[in-house]
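Below is one structure, written out as structure tokens; comments come after it.
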Amino acid sequence: MKLLILLSLFFLVPGLFVTRKAAAASRPRIFVLATGGTIAGRADTPSALTAYQAGTLRIESLLATVPPLRDIANVTGETICDIDSKDMTEEIWLRLARRVNELFAEESADGVVITHGTDTLEETAYFLNLTVKSDRPVVLTGAMRPATSLSADGPLNLLDAVRTAASPDAAGKGVLIVMNGEINAARDVAKTNTLALDAFQSPDMGLLGYVNDGIPTFYRQTRRYHTAQSEFDVTRLASLPPVKILYGHAADDALFVEAAVRAGVRGLVYAGLGNGSIPQSVETALTEAAARGVIVVRASRTGSGAVVPERSPAGSPFLSAGTLSPQKARILLQLALTRTANRSEIQRMFLEY
Ligand code: ASP
């Protein structure tokens, strides 16, 4: 009997090792690129939800808070930066885009997750949506509560993000944002609340899907160009063209338009009233700016709805942002200006991306 047990152990144990090894080798390879934010934030007490330091937890500790990650993917953590995303820079965007492109080009990753502060998460996501040259999944996630808080949302958001990045269904859908059990498209999503857990919404187009019980499920996808179909290439760029946003309001005047033109901007996005309306007191200055070659895009401060092109018989000197928020219109205009200064060509890009 003892001999029988010994013999079966002799044959079974190595078999188990082989099966485990094979399972590990077949798991998707997911890189988690950390940039900081509240998901890596630390507060003094578990009840502190706003008084905390963003971007203090190292990527290794962040990954260690989510043990089931190991069963889903072969996860590699890497730090890009450790910042509060209010301080995000274009230099970091360029570095991030290049790193993701590099990981896919050298076949090191099947998917990428980026942990990010929520304040500018939608902007980084849209920038990557236009500059990552691959159909493989890229998923951004963050947290509304610091890692040290009671009911921190970061660990589950990270787990859901890795699950989505590891899912074949997420391929070809553009850059995604996974938070609070919801999947949104980089183009359409916005942070719509200062503190609520469901802060990320796509007010015009709605979400793409859910991650329920750890299963990413898609219901729709965007028709706008992104990632592998994008014509923008930032491989050799050291910086982006200067473009500013001006926020429209009652009793606005030409002060900031004139200052921006003097400072040498190449583009201006006017976050206009209603359907991108521009007060007369600002319009003259913007028309002059356009005559000097500054590309002016009308967007809206309302938070939803499309800004439709002006139908003036003489042709408008301004372009329209469609359903892009002012902050995303700025990014598209910057990338457009890396390719052309032709107004109708840039308007075409606003219709396609
Ligand atoms: N200020 C933080 C950041 O954007 C907020 C957050 O991550 O939720 O980095």
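When a ligand or atom number is given, it counts from 1 through the structure's own listing order.
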Check your understanding: Does ligand 1 have an atom that lies less than 4.0 angstrom from a heavy atom of Gly41?
Key -> no

Quick check: does [X] get an N/O under 3.5 Å from an N/O on ligand 1?
X      : result
Asp119 : yes
Lys86  : no
Asp84  : yes
Ile83  : no

Quick one: look up the protein heavy atom nearest [atom] and list residue, atom name and how far away it is.
atom                   : result
atom 6 (C) of ligand 1 : Thr38 OG1, 2.6 Å
atom 8 (O) of ligand 1 : Thr118 OG1, 2.4 Å
atom 4 (O) of ligand 1 : Ser85 OG, 2.5 Å

Check your understanding: Would Phe232 and Tyr353 count as a close aromatic pair, with their ring centres under 6.0 Å?
Key -> yes

Check your understanding: Ignoring hydrogens and geometry, is there a side-chain-to-backbone donor-acceptor pair from Asn129 to His226 under 3.5 Å?
Key -> no

**Study point:** Side chain Thr38, main chain Pro146, donor-acceptor under 3.5 Å
**Key:** no

Practice item. Report the residue from Val132, Ile92, Val234, Thr120 that forms a side-chain contact (heavy atoms from CB on, under 4.5 Å) with Phe127. Key: Val234

Review point. Got a second to check how far Leu176's CG is from Thr141's OG1, nearest 0.5 Å?
Key: 11.0 Å

Exercise for review: Quick one: pull up CG in Leu63 and CZ in Arg58 and give me the separation to the nearest 0.5 Å.
Suggested key: 11.5 Å

So if I count the atoms of ligand 1 from 1 in the order they appear, which ones are less than 4.0 Å from some heavy atom of [X]?
X      : value
Gly37  : 7 (O), 9 (O)
Ala143 : 6 (C), 7 (O), 8 (O)
Gly117 : 3 (C), 4 (O), 7 (O), 9 (O)

Review point. Is it true that Arg262 and Glu258 have a side-chain N and a carboxylate O under 4.0 angstrom from each other?
Key: no

Review point. Hey, are Asn275 and Ser277 close enough side-chain-wise for a donor-acceptor pair under 3.5 Å?
Key: no

